[in-house]
Amino acid sequence: MLILFKNKRVIPYSMSRADGRGNEEFRAAFLKTKVLNQAKGSCYIELDQTKVMVGVFGPRQEERKFGFSETGRLNCEVRLTSFAAGAGMNKQMQMAAERNMSAALEQALTPSVLLDRFPKAVMDVYVMVLESDGSHVGAATTAASTALADASCELFDMVPACHVVRVNGSLLLDPTSSEEALSDGSVLLALQPSTNEVTQLNMTGSWSAAERRAALELAMGGCAQLKEVMRSTLLEAAATAPAS
Amino acid sequence: MDADSYKKLYPELFLDTFVKNGVRPDGRTLGKGRAVVVGPGAVNASQGSALVRLGHTSVLAGARATLMRPAEGTADEGSLSIEVQFAPFATPQGGGMTGPRGPTAELVSAVSERLQASLRPLGIPKQLCIKPGSGAYAVEADIYVLNADGAVFDAVLLAAMVMLRDLALPPTKEVTAKEGGGSQAAGPGSVRALTEEEAAAAGIPPVRLQLPLQPLAVTCCMYKEHLLVDPTAEEEAVAGSTVSVVLDASAALHGVYKSGGSLAATPMDFTRCVESAKLRYKELAALVEQAFAPDADD
């Protein structure tokens, strides 16, 4: 049986997806650090057509309105380009989406940072989703965490994040936007893999206990895979960096 | 003191040390531009797009076309609106356009005003008209400055030109009386876009813009008696003033902009800027041609 949809992509009712990968497979993930020469740390992530760039700045002095604090603060700002937002989104919707993503990113990353190392100060994490074909929130979190590491910000652990959606009862890792549109349930998981501590979990749809467990396990496996990519990217960058 | 600290503490002396010897901190000679990357079609989701890099300065541009009914006063014109925005990580302070630490609103509006002025001679709105009074394309383009490391206007204009050249507008047809009822907006006599399947079936290629000219900008900055072509942000910050020259393939000038600064430019300085711009133009134009050459699409 083949299910046809309005968008040109067709998801066959078999084990493989429109782009030919298995249900539990990532799109080819590409990470690169030191992409912005003027930022303290930066990272670019590409999951096929999902492209996100992150720049980290600071620490800088906290604005007076936030008052005195013995711990530092992470300030995350996410922007979407008009092509990432898509034709169906007007300016207000886009701004609302950006605010939500910024808040979510801040929550996902803050637990991983040693905030008491920069009291009274702020690290700025600026994210721009250049193009999106699904899973850009996870990609943004992954890239932002890598950029923080690139900026030599002290971290407890890195925070990879990935999406799982349920389409016709099967669980798909790292969904494209057409798969997201078809799904009746989704999971966004951000986690510190070394300690298996979850920093963010976002589930929508109704899940049975067994399904939920399977989805979380799949997402955790995805995060573990992403962590390896992040690690090797950072190690490679450190190996090729000029000795100073 | 190591070189990095010296640069931070005494940016002017740092640059001076290099320029005295006829080179620049990144190893270029004074008259040499940075490496250029021209990538048309960088964004899949848009109908025309470009990624342009001048050294570290990078700009991403994308355009989306929709159909509209021409405005009353300008029945034979479509619309082209281009918005220039800075990514929040584009400048060393971060903050993007909205934050207090971002590039000044003046810089953004100056860049976008110069861009509008440079594109005006191309007469694009007239070309976007399909049927006077009843149908035209509305092109909405967004240009994002991802990294503003000097000569931002050059990169923005180059990206805009490459994007416009890459722009593939969907072919259209007139709505006949029979199918007019399909959508409420399209009455008989108006135009509608063909779907991809229809266009492929009828063998109609997408509509391309005619670009009679290719205005490109070249920025030079004046430092003491020297002229530095295609400056980085560090050089711009130290330099007395910057001069941007917009010219086309026949070396005709479309604009010369000098932004304040502490140095006044003599007519001789402008002549030198224009001469350098001519040389750099050839380099840029060749790269654009190369990017659009048929064997460039792999």
Side-chain angles (χ1 to χ4, degrees), chain A residues 6-8 34-44 46 48-61 63 65 75-89 91 94-95 98 102 122-133 143-144 147 151 177 242 244, chain B residues 2-5 26 34 42-49 51 53 55-66 81-83 85-103 140-150 163 195-197 200 232-234 237:
Chain A
K6 254 192 264 161
N7 3 19
K8 271 177 290 163
K34 305 194 192 304
V35 286
L36 298 168
N37 66 325
Q38 303 189 87
K40 181 106 186 285
S42 57
C43 181
Y44 171 75
E46 204 175 284
D48 201 14
Q49 294 304 320
T50 298
K51 295 168 186 169
V52 181
M53 201 178 246
V54 184
V56 172
F57 295 80
R60 64 173 167 87
Q61 195 174 358
E63 286 132 72
K65 64 178 176 189
N75 170 45
C76 300
E77 261 177 55
V78 181
R79 296 282 168 78
L80 298 167
T81 60
S82 60
F83 3 105
M89 231 192 245
K91 272 264 156 29
Q94 187 180 330
M95 278 169 70
E98 288 171 347
S102 305
V122 197
M123 288 291 274
D124 290 307
V125 178
Y126 296 119
V127 177
M128 196 156 201
V129 181
L130 302 178
E131 213 183 330
S132 173
D133 186 16
S177 51
S244 55
Chain B
D2 63 40
D4 266 352
S5 325
D26 53 9
R34 291 171 288 178
V43 182
N44 274 33
S46 63
Q47 286 145 325
S49 60
L51 177 72
R53 305 189 61 159
H56 289 294
T57 299
S58 28
V59 172
L60 183 68
R64 183 167 64 214
T66 50
S81 63
I82 302 187
E83 203 179 335
Q85 298 176 57
F86 278 63
F89 43 66
T91 52
Q93 313 82 15
M97 282 179 71
T98 50
R101 301 175 306 282
E140 283 176 40
D142 286 286
I143 299 184
Y144 296 94
V145 178
L146 301 181
N147 193 353
D149 189 14
M163 173 190 76
T195 60
E196 272 177 50
E197 290 80 17
T232 62
E234 279 164 11

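Letters go in sequence order (proteins before strands), and every chain restarts at 1.
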* Which atoms of B:E234 approach chain A - backbone, side chain, both or neither, heavy atom under 4.5 Å -> neither
* Which portion of B:A233 sits near chain A, non-hydrogen atoms under 4.5 angstrom -> side chain
Could you give the distance from [atom1] ([X]) to [atom2] ([Y]), rounded to the nearest 0.5 Å?
X      : Y     : atom1 : atom2 : value
A:F83  : B:N44 : CZ    : CG    : 11.5 Å
B:L51  : A:K51 : CG    : NZ    : 9.0 Å
B:N147 : A:M53 : CG    : CE    : 8.0 Å

* Asked: So which heavy atom on A:V127 is nearest to which on B:F89, and how close?
  -> C-CE2, 4.1 Å
* To do: For residues A:N37 and B:H56, report the shortest heavy-atom separation together with the two atoms involved.
  => ND2-CD2, 3.3 Å
* Residue A:V54 versus chain B: region with a heavy atom under 4.5 Å -> backbone
* Part of A:K40 lying under 4.5 Å from any heavy atom of chain B -> neither
Can you check whether [X] reaches [Y] side chain to side chain, under 4.5 Å on heavy atoms?
X      : Y      : value
B:P88  : A:M128 : yes
A:T81  : B:D142 : no
A:S82  : B:Y144 : yes
B:T91  : A:Q38  : no
A:L130 : B:L146 : yes

* To do: Output the option from B:A148, B:A42, B:S49, B:S46 having the highest count of non-hydrogen pairs under 4.5 Å with chain A.
  => B:A148
* Over 12 foreign heavy atoms within 6.0 Å of CD, B:Q47 -> yes
